[in-house]
Amino acid sequence: MRWSQAFIPTLRQDPADAEAASHRLLVRGGFIRQLMSGSYSLLPLGRRVAAKVEAIVRAEMNAIGGQEFLLPVVHPGEVWKRTGRWDTVDEIMVKFRDRRGVDLLLAITHEEIFTLLAAELSSYRQLPQLWYHLQTKFRDEPRPKAGLLRVREFTMKDSYSFDVDQAGLDRQFDNHYAAYTRIFRRTGLEPLAVQASSGVMGGSESVEFMVPSEAGEDLIAVCRSCGYAGNVERAASVPAPVEDAPWDGPPERFPTPGVRTIAALEAHGDFAAAGRQIKTMAYVVDGRLTLVLLRGDHEVMEQKLIDGLGTQNIRPGHPDEIREALGALPGSLGAVGVTGFPVIVDPALRGRRNMVTGANQDDWHLRGVTVERDIAVDRWLDVRRVEAGEGCSACGAPLEVFKAIEVGHIFKLGTKYSEALGARVLDEEGRECPIIMGSYGIGVGRQVAAVVEAHHDEAGIVWPVSVAPFEVVVTSVAADAGTTAAAEEVYRGLLERGIEALIDDREERPGVKFADAELIGIPFRITVGPRRLAEGKAEVMRRQGRVTEEMALEEAAARVAAAVIAER
RNA sequence: CGGGCUGUAGCGCAGCUUGGCAGCGCACCUGCUUUGGGAGCAGGGGGUCGCCGGUUCGAAUCCGGCCAGCCCGACCA
């Protein structure tokens with residue numbers, strides 16, 4: 001490609017609205033342009049990178065037996081009504097009607113339609129199957145941000161496995177785990193595989209692939225000692241224990257005028273230290289007021305509640321409904337003597353005695369509360385958010401917590417979709433059984449952004465060869481006939497060797513050409529200029545680390561081509 | 001959805017307080033010079049000032065409404 005004819009609209013200044021490095025550099029480098037919130041056009045450079053990522057994903061999916069499909073983006077609402085998701089994922093789904101008044105939607109994912117196709121399978125002999133496609137998804141996220149990291153419209157590789165039994169699903173899941181590991185290694189990412197919440201997907205097990213990054217939106221807890229890693233939406237830990245002072249008497253009321261917070265109550269003395277309080281949260285779960293109890297110094301992780309209770313329908317209670325139910329406002333709530341409402345208790349409260357909690361009367365609290373004696377526990381459920389420094393639940397070493405970008409997610413789905421949509425086969429004994437499914441996703445654009453987050457410096461992007469929009473740029477730094485001819489010769493030499501080369505033949509000053517080449521991150525630059533040309537030499541610069549090397553002009557194409565091929 | 005902020009040329013911004021010819025830098029076009037790290041000089045083109053309405057002799061500027069975008073939080077396969 002000739003730079004003079006290419007559409008590579010680089011910007012000298014950072015765009016004002018870009019914060020994340022990937023957002024800033026992809027816009028500045030002329031890879032993407034925003035159309036609206038959470039929606040980007042891929043320009044030629046961006047498209048080339050995305051195509052490289054897609055090719056790697058395809059190759060690795062095919063290597064584990066995947067068959068490529070292409071399913072529609074507009075789906076009939078009727079199919080989604082059959083699985084219940086027309087209603088349950090209401091908020092992020094764009095719904096509309098066609099001219100006949102038929103309910104339609106923009107696909108947020110493709111379980112329904114792949115499962116519909118899988119309904120044509122009829123025998124265990126046809127299984128296992130592994131189907132995938134690379135297709136646009138549209139999710140009307142409430143807050144798109146950070147360029148390609150969180151968007152509403154995006155391309156995703158989603159695959160779906162179909163098996164007759166759990167062992168088959170386990171194999172497909174493991175195959176994906178291995179394939180994803182290879183995909184990310186090839187694109188220059190080093191994600192951690194973490195235990196994740198399955199969310200509204202349902203299913204028994206899910207693993208996220210997370211690339212540690214300050215630009216990430218998820219928090220993951222990691223144990224350096226034993227390798228345990230979990231999304232904080234699901235991760236467990238061992239909190240520092242708290243010593244209880246002995247107390248065998250009944251709970252005792254004491255006045256706490258104006259006290260509405262854990263911190264304010266602590267001021268009453270050592271006996272009311274945060275770790276010795278019981279925090280009482282009032283949620284409305286499926287329309288019913290539910291008390292959730294934690295240690296005072298612990299935070300609730302709502303996703304754990306959602307997963308543990310098996311419902312999406314959870315919200316904090318409104319002050320007036322809480323007062324009507326319990327007789328007090330948040331800040332003075334407690335579960336002692338409460339019946340008629342489910343009481344969910346975090347296991348960190350197990351065995352605790354002589355604790356402090358609200359008395360369900362404003363300005364009053366109770367002390368001397370022994371959890372199992374005084375509170376009618378309906379269910380023990382880990383709902384506590386893990387904090388950095390707490391003990392790993394597997395080995396006890398301190399956990400680290402940091403931000404990460406989710407670049408892939410794999411789920412064991414089970415039979416939710418196959419049952420709803422009638423995808424059944426006959427097994428070896430002739431019994432009809434629902435197909436056991438898994439689903440597996442990788443966001444292409446997000447992966448591109450994650451690569452930039454992991455591979456950039458002050459001058460711009462530093463693409464790994466495997467996903468670079470071009471592998472080599474030939475920079476001609478003078479317009480005289482001799483230099484131009486020599487640069488063209490090197491460029492031809494690269495093309496003949498099958499290298500994806502770009503020749504910077506623009507009438508620009510050298511500084512502009514160098515800065516642009518580094519901004520867009522081409523892995524190798526061959527500079528041809530009169531100075532070294534007089535000695536029969538060219539300069540080769542590797543973008544990574546910006547190290548330069550002189551070599552004979554006639555060897556440059558061959559030597560750089562060999563280096564490129566070695567890194568593909 | 002709550003809080004904060006911003007919409008003026010392709011990009012980055014000033015002008016708005018105190019109403020009176022719509023500006024600056026970069027980019028773009030022409031010419032000359034220059035040519036190994038974002039050149040110099042000269043000339044030139046380009047803007048419904050987010051949209052609608054109001055006040056006023058006169059609105060980028062004041063008032064009202066709306067729209068869009070960004071950041072934080074909530075939310076989020």
Side-chain angles (χ1 to χ4, degrees), chain A residues 7 9-20 23-24 27-28 30 33-39 83 85 88-93 107-112 137-147 149-152 154 156 158 160 196-203 206-208 217-218 231 233 302-303 306-307 312 314-316 406 408-413 416-417 438-443 446 459-460 475-480 483-484 487 504 506-519 525-534 537-539 541 546 548 550:
Chain A
F7 183 63
T10 58
L11 304 175
R12 185 174 295 207
Q13 288 164 302
D14 280 336
D17 55 6
E19 304 251 320
H23 184 193
R24 202 163 41 78
V27 172
R28 261 192 73 195
R33 285 294 183 264
Q34 182 171 0
L35 176 62
M36 58 179 172
S37 180
S39 175
T83 60
R85 292 209 292 183
T88 56
V89 289
D90 188 54
E91 62 296 334
I92 62 166
M93 197 152 73
I108 57 168
T109 176
H110 283 80
E111 278 80 8
E112 276 77 358
K137 310 284 187 263
F138 193 97
R139 298 180 187 174
D140 193 6
E141 300 285 357
R143 188 146 104 80
K145 58 184 280 202
L149 280 176
R150 183 172 194 72
V151 292
R152 296 193 294 172
F154 58 99
M156 180 167 174
D158 41 324
Y160 304 86
S197 158
S198 300
V200 307
M201 297 296 299
S206 91
V207 169
E208 289 172 329
E217 296 188 281
D218 287 271
N231 192 306
E233 289 183 348
E302 286 189 20
Q303 190 65 45
I306 290 167
D307 293 342
Q312 286 282 302
I314 289 183
R315 63 169 172 84
E406 177 192 344
H409 201 161
I410 57 181
F411 297 88
K412 291 185 181 177
L413 289 178
K416 171 178 173 175
Y417 299 94
S439 85
Y440 318 86
I442 290 182
R446 182 179 284 182
T475 304
S476 168
V477 293
D480 66 274
T483 305
T484 303
D504 194 349
R506 296 177 297 169
E507 291 178 20
E508 288 288 354
R509 300 176 65 82
V512 173
K513 295 187 176 189
F514 294 153
D516 273 346
E518 284 160 30
L519 174 62
R525 183 181 84 204
I526 302 177
T527 308
V528 180
R531 198 184 288 171
R532 289 190 177 67
L533 190 56
K537 290 181 172 173
E539 179 193 274
M541 190 182 89
R546 290 203 266 185
T548 62
E550 280 187 21

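By convention in this document, chain letters (A, B, ...) are assigned in the order of the sequence lines, proteins followed by strands, and residues within each chain are numbered from 1.
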Quiz prompt | Euclidean distance for P, C32(B) against G69(B) (whole angstrom) | solution = 47 Å

Practice problem: Quick one: list whatever passes salt bridge (charged side-chain N to carboxylate O under 4.0 Å, His left out) with R546(A), sequence neighbours left out. | Solution: E458(A), E518(A)

Quiz prompt | Under the side-chain contact (heavy atoms from CB on, under 4.5 Å) test, residues paired with L11(A) that sit two or more places apart | solution = V27(A), R28(A), R33(A)

Self-check item: C72(B) versus A59(B) - spacing of their P atoms, nearest Å
Solution: 39 Å

Practice problem: State, with a plain yes or no, whether a side-chain heavy atom of M93(A) is found less than 4.5 Å away from one of D140(A). | Solution: no

Quiz prompt | Candidate list E112(A), E111(A), R85(A), test side chain to side chain donor-acceptor pair (under 3.5 Å), partner Y417(A), passing option | solution = R85(A)

Quiz item: Who is the Watson-Crick or G-U wobble partner of C32(B), with both distances under 3.5 Å?
Solution: G40(B)

Quiz item: What is the base-pairing partner of A27(B), counting Watson-Crick and G-U wobble geometry with both distances under 3.5 Å?
Solution: none

Practice problem: Please determine, for C1(B), whether a Watson-Crick or G-U wobble partner exists with both distances under 3.5 Å, and give it or none. | Solution: G73(B)

Quiz item: Whom does G45(B) pair with, Watson-Crick or G-U wobble, provided both distances fall under 3.5 Å?
Solution: none

Quiz item: Expressed in whole Å, how much space separates the P atoms belonging to C70(B) and C11(B)?
Solution: 15 Å

Quiz prompt | Separation between the P atoms of G2(B) and G47(B), rounded to whole Å | solution = 39 Å

Quiz item: Sequence neighbours excluded, which residues qualify as salt bridge (charged side-chain N to carboxylate O under 4.0 Å, His left out) partners of D17(A)?
Solution: none

Self-check item: A18(A): partners by side-chain contact (heavy atoms from CB on, under 4.5 Å), with sequence neighbours left out
Solution: P15(A), H23(A), R24(A)

Practice problem: Whole angstrom is fine here: how far is it from CE in M93(A) over to C1' in C75(B)? | Solution: 17 Å

Self-check item: Check: G25(B) base within 3.5 Å donor-acceptor of Q13(A) side chain
Solution: yes

Practice problem: Could I get the full list of side-chain contact (heavy atoms from CB on, under 4.5 Å) partners for E19(A), not counting sequence neighbours? | Solution: none

Practice problem: Just name whichever nucleotide pairs with A60(B), Watson-Crick or G-U, keeping both distances under 3.5 Å, else none. | Solution: none

Show me the protein contacts with nucleotides 46-48 of chain B, counting only N or O atoms at under 3.5 Å.
none

Quiz item: Between C63(B) and C5(B), how far is it from one P atom to the other, in whole Å?
Solution: 15 Å

Self-check item: Base-pairing assignment for U18(B) (Watson-Crick or G-U wobble, both under 3.5 Å)
Solution: none

Practice problem: Sugar-phosphate means primed atoms, P, OP1 and OP2; the rest is base. With that split, encode nucleotides 29-39 of chain B 5' to 3' as B, S or - using protein heavy atoms under 4.0 Å. | Solution: -----BSBBBB

Practice problem: With sequence neighbours excluded, tell me which residues meet side chain to side chain donor-acceptor pair (under 3.5 Å) with T475(A). | Solution: none

Quiz item: With rounding to whole Å, what would you report as the distance between C67(B) and C24(B) at their C1' atoms?
Solution: 29 Å

Quiz item: Expressed as a whole number of Å, how far does the P atom of U56(B) sit from that of C41(B)?
Solution: 49 Å

Quiz prompt | Closest non-hydrogen atom pair, G38(A) against V151(A) | solution = O-CB, 3.4 Å

Exercise. Please determine, for U55(B), whether a Watson-Crick or G-U wobble partner exists with both distances under 3.5 Å, and give it or none.
Key: none

Under 3.5 Å between N/O atoms: give me all the protein pairs with nucleotides 66-71 of chain B, atom names plus distance.
| unit_1 | atom_1 | unit_2 | atom_2 | d |
| --- | --- | --- | --- | --- |
| G69(B) | OP1 | S37(A) | N | 2.8 |
| G69(B) | O3' | Q34(A) | NE2 | 3.3 |
| C70(B) | OP1 | Q34(A) | NE2 | 3.2 |
| C70(B) | OP2 | S37(A) | OG | 3.0 |

Practice problem: Write down the distance separating the P atoms in G65(B) and G3(B), rounded off to the nearest Å. | Solution: 15 Å

Practice problem: For K137(A), check side-chain contact (heavy atoms from CB on, under 4.5 Å) against everything at least two apart and list the hits. | Solution: H110(A), H133(A), Q135(A), F154(A), M156(A), D158(A)

Practice problem: Could you tell me which residues satisfy side chain to side chain donor-acceptor pair (under 3.5 Å) with R509(A), sequence neighbours excluded, listed by chain and number? | Solution: none

Quiz prompt | Counterpart residues, side chain to side chain donor-acceptor pair (under 3.5 Å), relative to D504(A) (two or more places apart) | solution = R506(A)

